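The next block holds one structure in the form of structure tokens; read it before the comments.
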There are 2 protein chains.
Amino acid sequence: MSTQVSTIRNGVDTGTMFATLDLIKGRPELARFQFRASNRWIGGAHNRSTVKDFYAAGGEDSSRREAFELDAGEPAILLGADTGPNPAEYLLHALAACLTTSIVYVAAARKVELTAVESTLAGDMDVRGALGVDPEPRNGFERIRVAFRVTGHAPAEKLREIVERAKQRSAVYDMVTNGVPVAVDVEPS
Amino acid sequence: MSTQVSTIRNGVDTGTMFATLDLIKGRPELARFQFRASNRWIGGAHNRSTVKDFYAAGGEDSSRREAFELDAGEPAILLGADTGPNPAEYLLHALAACLTTSIVYVAAARKVELTAVESTLAGDMDVRGALGVDPEPRNGFERIRVAFRVTGHAPAEKLREIVERAKQRSAVYDMVTNGVPVAVDVEPS
């Protein structure tokens with residue numbers, strides 16, 4: 001009888017994970033990634049982004065066979081026809097998704113088996129800012145609250161530590177809390 | 001023969017738009033909105049957000065009959081199975097969608113008919129940050145570049161002004177460039 005040691009934990013191949021980390025430690029130039037989206041206006045508040053290729057580990061990554069398409073919209077009260085979540089809701093989703101994946105990866109690396117990760121997010125906005133009615137309120141959310149419920153085979157304190165570490169590593173949490181320089185170029189015609 | 005004046009421009013009902021602005025000017029408490037998302041881990045890098053109800057104009061808005069569901073994932077090189085765009089790509093989409101809608105609304109308010117709005121976005125990331133390999137690079141994008149192509153029945157200078165005004169009003173552009181306070185609460189079990 002042979003003994004097999006699976007390296008899959010929480011659906012993450014930790015063998016590959018540690019090999020990837022070692023590879024990047026030795027060749028930091030492989031850590032340069034570029035992600036992209038292209039967007040097209042459909043009409044009114046309806047627009048659609050296409051997400052497919054990206055640059056990773058020294059070259060273009062074309063492993064995705066099909067593009068992802070994402071429809072945005074606004075509800076009626078914000079003059080749309082509900083053709084998709086609105087942009088601010090997409091930002092909440094980006095934050096939830098990134099924190100969740102970070103929790104799952106950190107737990108996998110620390111040999112903690114998770115059974116459930118759920119979160120609810122809420123962002124408060126005074127729309128006078130974005131509507132240009134009053135210069136005082138900011139355009140975006142004043143604050144975002146995230147409530148996680150994390151269940152797994154570890155003491156509560158360990159699960160809290162994992163969430164804390166995930167916050168420290170999450171790409172979108174970093175961007176949403178600290179901001180990113182954005183350059184906008186326009187070609188009118 | 002009667003003469004009908006349509007208030008629809010760029011797919012936006014500008015009559016309703018100006019009525020909404022007037023209403024909020026008179027009753028600023030109606031400008032308090034709250035948007036939400038709830039997220040559930042499926043396995044590995046796969047998680048799904050549900051977006052439906054929100055608070056707007058003095059009460060819960062339940063006008064959406066069905067919830068939007070958004071699947072996130074990671075490509076193979078980041079240990080996922082490509083179950084959806086990754087969280088950083090969702091953030092690019094949120095930014096593209098918000099700037100585009102802002103451009104369309106600002107143009108409608110200024111009586112400019114647009115014929116096309118297209119954009120490409122790219123975010124550069126050194127993944128040593130998010131992977132925890134090196135404390136030096138930040139976790140998120142170092143920078144985001146947005147390239148807009150805007151076509152409409154107006155001089156180039158006017159179209160540039162509209163994009164500039166849209167940047168000043170966009171909720172997600174504000175959040176991504178300036179950051180937002182995020183409070184994360186954890187309930188382990």
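Because only heavy atoms are used, hydrogens play no part in the values below, and waters and symmetry mates are left out as well, while side chains stay in. Below, chains carry the letters A, B, ... as their sequence lines are ordered, and counting in each starts from 1. Bear in mind the structure is a predicted one, so any value in this text is a computation, not a measurement.
- A:Val176 touches chain B through backbone and side chain together, each having a heavy atom under 4.5 Å away.
- Both the backbone and the side chain of A:Val180 come within less than 4.5 Å of a heavy atom in chain B.
- For A:Asn86, the parts lying under 4.5 angstrom from a heavy atom of chain B are both the backbone and the side chain.
- A:Ile162 does not touch chain B: none of its heavy atoms, backbone or side chain, sits under 4.5 Å away.
- Contact of A:Asp13 with chain B is made through the backbone alone, with heavy-atom distances under 4.5 Å.
- A salt bridge links B:Glu89 to A:Arg64: one of the charged nitrogens lies within less than 4.0 Å of a carboxylate oxygen.
- In this structure, the portion of B:Tyr105 lying under 4.5 Å from any heavy atom of chain A is its side chain and not its backbone.
- Using a 4.5 Å cut-off on side-chain heavy atoms (C-beta onward), A:Val186 and B:Glu164 make no contact.
- Side-chain contact annotation: B:Ser189 with A:Thr151, donor-acceptor N/O pair under 3.5 Å present.
- Annotation: maximal heavy-atom pairing with chain B below 4.5 Å, among A:Gly84, A:Ala147, A:Gly152, occurs at A:Gly84.
- Residue A:Ala156 touches chain B through both its backbone and its side chain, counting heavy-atom pairs closer than 4.5 Å.
- A:Glu118 is not listed as a side-chain neighbour of B:Asn39, based on a closest heavy-atom distance of 4.5 Å or more.
- Under the 4.5 Å side-chain criterion, counting only non-hydrogen atoms from C-beta, A:Val182 is not in contact with B:Arg143.
- Contact of B:Ala45 with chain A is made through backbone and side chain together, with heavy-atom distances under 4.5 Å.
- Proximity to chain B (any heavy atom under 4.5 Å) is shown, for A:Val184, by both the backbone and the side chain.
- Using the six-membered ring where Trp is involved, B:Phe35 and A:Phe141 have ring planes that are tilted, between 30° and 60° apart.
- Looking only at heavy-atom pairs under 4.5 Å with chain B, the residue among A:Thr120, A:Val172, A:Asp134, A:Thr177 that has the most is A:Thr177.
- Between the side chains of B:Asn47 and A:Thr101, a donor-acceptor pair is found at a separation under 3.5 Å.
- Residue A:Pro155 does not touch chain B at all, counting heavy-atom pairs closer than 4.5 Å.
- B:Gly44 and A:Val12 make their closest contact through CA-CG2, 4.1 Å (heavy atoms, listed as atom of the first residue, atom of the second, distance).
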Decide side chain to side chain contact (heavy atoms under 4.5 Å, CB included) for B:Phe33 and A:Leu78; before the verdict, give the C-alpha distance in whole Å, the side-chain angles of both, and the deciding distance to 0.1 Å.
CA-CA 11 Å; B:Phe33 278 48; A:Leu78 290 173; 3.9 Å; yes
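- A:Ile77 is listed as a side-chain neighbour of B:Phe54, based on a closest heavy-atom distance under 4.5 Å.
- Residue A:Ile8 does not touch chain B at all, counting heavy-atom pairs closer than 4.5 Å.
- Within the 4.5 angstrom heavy-atom criterion, atoms from both the backbone and the side chain of B:Glu142 approach chain A.
- Within 6.0 Å of atom CD in B:Glu136, 12 or fewer heavy atoms from other residues, nucleotides or ligands are found, so the atom counts as exposed in its surroundings.
- Using a 4.5 Å heavy-atom cutoff, the side chains of A:Arg145 and B:Asp185 are not in contact.
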Does the pair B:Arg160 and A:Glu187 meet the rule for a salt bridge (charged side-chain N to carboxylate O under 4.0 Å, His left out), with working shown?
CA-CA 8 Å; B:Arg160 284 188 189 281; A:Glu187 191 193 312; over 6 Å; no
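- Proximity to chain A (any heavy atom under 4.5 Å) is shown, for B:Ser119, by both the backbone and the side chain.
- For chain B, the option among A:Ala56, A:Ser38, A:Ala154 with the highest count of heavy-atom pairs below 4.5 Å is A:Ser38.
- For chain B, no part of A:Thr50 is nearby; none of its heavy atoms comes within less than 4.5 Å.
- Side-chain contact check for A:Leu95 versus B:Leu91: every heavy-atom pair is 4.5 Å or farther apart.
- At a threshold of 4.5 Å between non-hydrogen side-chain atoms, the residues B:Phe68 and A:Asp71 do not count as touching.
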